[in-house]
Amino acid sequence: MTKHIQPDRLAKLTSIREKGALPYPARTPGDPVPTAKLLASLEEQTGETFFVAGRLGQIRDFGKLRFSHLTDRSGSIQIGFERDRLPEFWPDRKLVEANDIVGVKGELGTTKKGEPTLWATEVTLLTKALRPAPEKWHGLTDVETRYRMRYVDLFANEDVRRQFITRSRIIREIRAFFDELGYIEVETPVLHSIPGGATARPFITKHNALDMDLYLRIAPELYLKRLLVGGLERVYEIGRVFRNEGISTRHNPEFTMLESYEAFADYKTVMDRVEGIFSRVCANVIGSHEIRFRGNTYDLTPPFPKKRYCELFAEHNDGVDFFDESRVRERAKQLGVHNPELTYEKIANDVFEATVEPHLDGPVFVIDYPKAICPFAKASDDDPRIAERFELFVAGMELGNAFSELNDPIDQEQRLEAQVADKDDETPSEVDYDYVTALEYGMPPAGGLGIGIDRLTMLMTGTDSIRDVLLFPLLRKLQQGEEIATDGAPDTDDAASNGTDEAQ
RNA sequence: GGGGGCGUAGCUCAGUGGUAGAGCAGCGGCCUUUUAAGCCGUAGGUCGAUGGUUCGAAUCCAUCCGCCCUCACCA
């Protein structure tokens, strides 16, 4: 690693030490003021002395005067280094350079052209950077390097920093929304001995002492509903789930899921909750209910339109009824999505996905799904073939999934057993009988919700790729000893095989 | 897995068979109001890797590695 460091920076490091200064001091000499505070009331504060700390940008050198910007978490401000104000620092000024982290004490003012500037009277090196910053004008643009070295991306690209601050604010608003409704936030196990609550291939890991296989959770659902049995009544969890599938602009193998469960509510209540979340995030984070995503504008003002699954199915399939098995199979063959391994309802759902989903620009709640494809949803009291379930679509992307939770233990046991009997290799291989036992003790009627936080953030921030809302998206491992291009090591190369597809 | 694109200096990129280039960053100078500062000078390379074709390969061919886009798969 260190062999690729810029030799001139190492030389400066040595120089600093030889002069008895510390290139990595343990303490910051003062409590830094956010630079944004200096700019916020510049006129009233002109002439006052402040201490700021952050990373130095490009240095513009005029011999006896130099300028640079100092960036901290709140923004950045120009620093003016004048020879006559810095008698002690001046001879060693070149040991402090772009990308170093410094503390600066100085007097607030402006330049002749009115640029707010902190005129330095004391400069303290806080951290010597041994690698240079990316080029000043184009910055760091290589996508692979940006993902692999997000730490560089973050300080080099302000909009990237802002993006992740926005993500954090979205999550904070969601928490506040549920907290105000009396929900409690809980944490359930990530390591599951039986993966369940969704249809997906799990990651397998091993517990050594117990000598048993464990699975990284594909959903927290079944544990959260156990809490309803326990009487917690309103719970939510925002946490990582893991699905052992491919990678794309909409899929990362680990992603963040919000799940909430509310006793004595049903899927209609949950629709209100979803609208409440969207409304709140739009108002408090985005500042608008109109968002731009992939070239289109979407109005997220509630209420969102509701469309029945079976009606949409007929509408986009020449009036074919979802439950008309022979005609649906025919249609599936015609579309080339007829997989005889699957159950009839799954084939029909594939037809739905092929014909209806592309048209779901939204926002739209697709409601009342066929019960057969909803193993955890309660059937409608009016039509036993229909489950009280909805999914929220915006921009053709599924953002949320919710239902009136099935709490009939006998029905649930039968459905889980049917799932295991299914040939589909994505379905669970084992029934979680403890979950059934929990239901036998009585779970209150409840409405449950799942929302993909990453996709929600994509939508809200107009981001095309899920990798741009994940700080560290999954990438292939580099070979040992291999470094990323940015420090002169041999580029690329590696072990491992090819990745593909999905998740979430 | 299929198709397409890309990989050259720390960064951003030119270079399509004949001595590896530019801008920025770096280094040495000049400069007290710049903000992509300017000017003069200087240094910097396993052209992703391996093999092949050729008198000669960054360039043509093959294989491999990595990233992006897209389709497929999949919430």
Side-chain angles (χ1 to χ4, degrees), chain A residues 4-9 11-12 57-69 76-85 94 97-99 109-117 119 130-148 152 156 198-201 218-219 241 243-253 255 257 336-337 339 350 353 357 391 393 397-401 424-426 450-452 454-455 464-467 473 475-479 482-504:
Chain A
H4 298 301
I5 287 173
Q6 300 293 292
D8 52 284
R9 290 204 174 231
K12 285 177 184 177
Q58 221 40 65
I59 289 169
R60 302 177 287 277
D61 186 5
F62 286 82
K64 297 185 188 65
L65 169 70
R66 23 178 49 200
F67 291 107
S68 179
H69 272 81
S76 75
I77 188 170
Q78 177 163 270
I79 307 293
F81 301 87
E82 286 181 298
R83 183 192 59 180
D84 299 340
R85 284 179 188 250
K94 290 193 174 179
E97 56 195 326
N99 216 22
T110 57
T111 61
K112 286 173 186 169
K113 290 191 179 169
E115 169 90 10
T117 300
W119 297 100
L130 296 184
R131 299 190 189 232
E135 196 240 17
K136 63 186 173 193
W137 184 237
H138 300 91
L140 182 69
T141 59
D142 180 79
V143 178
E144 179 180 359
T145 311
R146 284 187 44 229
Y147 295 153
R148 287 198 193 274
V152 177
T199 309
R201 267 181 282 260
I218 55 174
V241 298
R243 299 189 181 177
N244 201 344
E245 288 152 358
I247 296 171
S248 78
T249 48
R250 294 170 198 75
H251 304 272
N252 195 67
F255 61 100
M257 180 87 104
V337 298
N339 179 353
D350 286 344
E353 288 180 3
E357 285 195 7
E391 292 196 349
F393 285 86
M397 222 170 28
E398 186 213 317
L399 282 167
N401 181 17
D424 189 340
D425 64 356
E426 298 260 320
I451 288 182
D454 313 281
R455 287 181 176 181
D464 285 351
S465 170
I466 198 169
R467 294 184 193 95
L475 297 175
R476 209 172 293 270
K477 183 182 168 190
L478 297 175
Q479 258 180 359
E482 180 180 2
E483 266 193 85
I484 308 161
T486 190
D487 29 47
D491 211 317
T492 60
D493 278 69
D494 131 351
S497 55
N498 270 326
T500 10
D501 68 315
E502 85 316 329
Q504 163 103 333

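For the numbers below, each heavy atom of this structure counts, side chains included, while hydrogens, waters and symmetry mates do not. By convention in this document, chain letters (A, B, ...) are assigned in the order of the sequence lines, proteins followed by strands, and residues within each chain are numbered from 1.
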The side chain of A:Y147 is closest to which nucleotide in this list: B:C11, B:C68, B:C69? B:C68
Nearest-nucleotide pick for A:K94, side chain only, options being B:G29, B:A37, B:C67: B:G29
Is the backbone of A:R455 close enough, under 3.5 Å, to the side chain of A:R250 for a donor and an acceptor to pair up by distance? no
Report yes or no: does A:E245 contribute a side-chain atom to a donor-acceptor pair with the main-chain N or O of A:R201 at less than 3.5 Å? yes
Using side-chain contact (heavy atoms from CB on, under 4.5 Å) as the criterion, list what pairs up with A:E97, not counting sequence neighbours. A:R9, A:K12, A:D100, A:K128
Residue-phosphate contact under 4.0 Å: A:R467 side-chain N/O, B:C69 OP1/OP2: yes
For B:G15 and B:G3, measure between their C1' atoms and round to the nearest Å. 28 Å
Can you check the distance between B:C69 and B:A20, where both ends of the measurement are the P atom (answer in whole Å)? 36 Å
Tell me: CD1 of A:I77 to P of B:U35, nearest whole Å? 18 Å
Protein-nucleotides 13-15 of chain B N/O pairs under 3.5 Å:
none

Salt bridge (charged side-chain N to carboxylate O under 4.0 Å, His left out) partners for A:R146, two or more places apart: A:D153, A:D468
Reading RNA chain B from 5' onward, which residue's closest nucleotide shows up sooner: A:G139 or A:E115? A:G139
Using whole Å, report how far CG of A:D454 lies from C1' of B:C74. 16 Å
Run the numbers on A:T145 and A:L140 for side-chain contact (heavy atoms from CB on, under 4.5 Å), then give the verdict. CA-CA 8 Å; A:T145 311; A:L140 182 69; 3.9 Å; yes
Only counting residues at least two apart or in another chain, list the ones meeting side-chain hydrogen bond (donor to acceptor under 3.5 Å, both in side chains) with A:N401. A:R389
Upstream residue (5' side of RNA chain B) when A:I59 and A:T111 are each assigned their closest nucleotide: A:T111
According to a strict under-4.0 Å criterion, is A:R201 in side-chain N/O contact with OP1 or OP2 of B:C74? no
Euclidean distance for C1', B:U8 against B:G44 (whole angstrom): 14 Å
Pairing residues for A:R85 by the salt bridge (charged side-chain N to carboxylate O under 4.0 Å, His left out) criterion, not counting sequence neighbours: A:E82, A:E107
G-U wobble or Watson-Crick pairing nucleotide for B:U33 (cut-off 3.5 Å, both distances): none
Suppose we screen for side-chain contact (heavy atoms from CB on, under 4.5 Å). Which residues come up paired with A:P116, at least two apart in sequence or across chains? A:L39, A:L42
Hits for side-chain contact (heavy atoms from CB on, under 4.5 Å) against A:E357, two or more places apart or cross-chain, chain-then-number order -> A:F352, A:E353, A:L360, A:F393
If I take atom CD in residue A:E357 and atom P in nucleotide B:C74, what distance separates them, rounded to the nearest angstrom? 12 Å
Between B:G45 and B:G21, how many Å separate the two C1' atoms, rounded to a whole number? 11 Å
Closest of B:C27, B:U32, B:U35 to the A:E82 side chain is B:U32
For A:N99 and B:C11, give me the distance from atom CG to atom P, rounded to whole Å. 13 Å
Considering only atom C1', compute the distance from B:G28 to B:A43 and round it to an integer number of Å. 10 Å
Under 3.5 Å between N/O atoms: give me all the protein pairs with nucleotides 40-43 of chain B, atom names plus distance.
none

Span that lies between the C1' atom of B:U35 and that of B:C24, in whole angstrom: 15 Å
Between B:C24, B:C69, B:U33, which nucleotide has the shortest distance from any of its atoms to the side chain of A:L65? B:U33
As its Watson-Crick or G-U partner within any shown strand, both distances under 3.5 Å, B:G51 has B:C61
Please identify each residue that fulfils side-chain contact (heavy atoms from CB on, under 4.5 Å) with A:Q78, with sequence neighbours left out. A:R60, A:F67, A:H69, A:T111, A:E115, A:T117
Can you tell me how far C1' of B:A37 sits from CZ of A:R60, to the nearest Å? 8 Å
Answer for the Watson-Crick or wobble partner of B:U12, both distances under 3.5 Å, is B:A22
Using a distance-only criterion (donor-acceptor N/O pair, under 3.5 Å, no hydrogens), is the base of B:C11 paired with the side chain of A:H138? no
Identify which nucleotide among B:C67, B:U33, B:C27 has an atom closest to any side-chain atom of A:E144, counting heavy atoms from C-beta outward. B:C67
Any side-chain N or O of A:K136 below 4.0 angstrom from OP1/OP2 of B:A25? yes
Let's see if you can work this out: which of B:U70, B:U32, B:C74 has an atom nearest to the side-chain heavy atoms of A:H251? B:C74
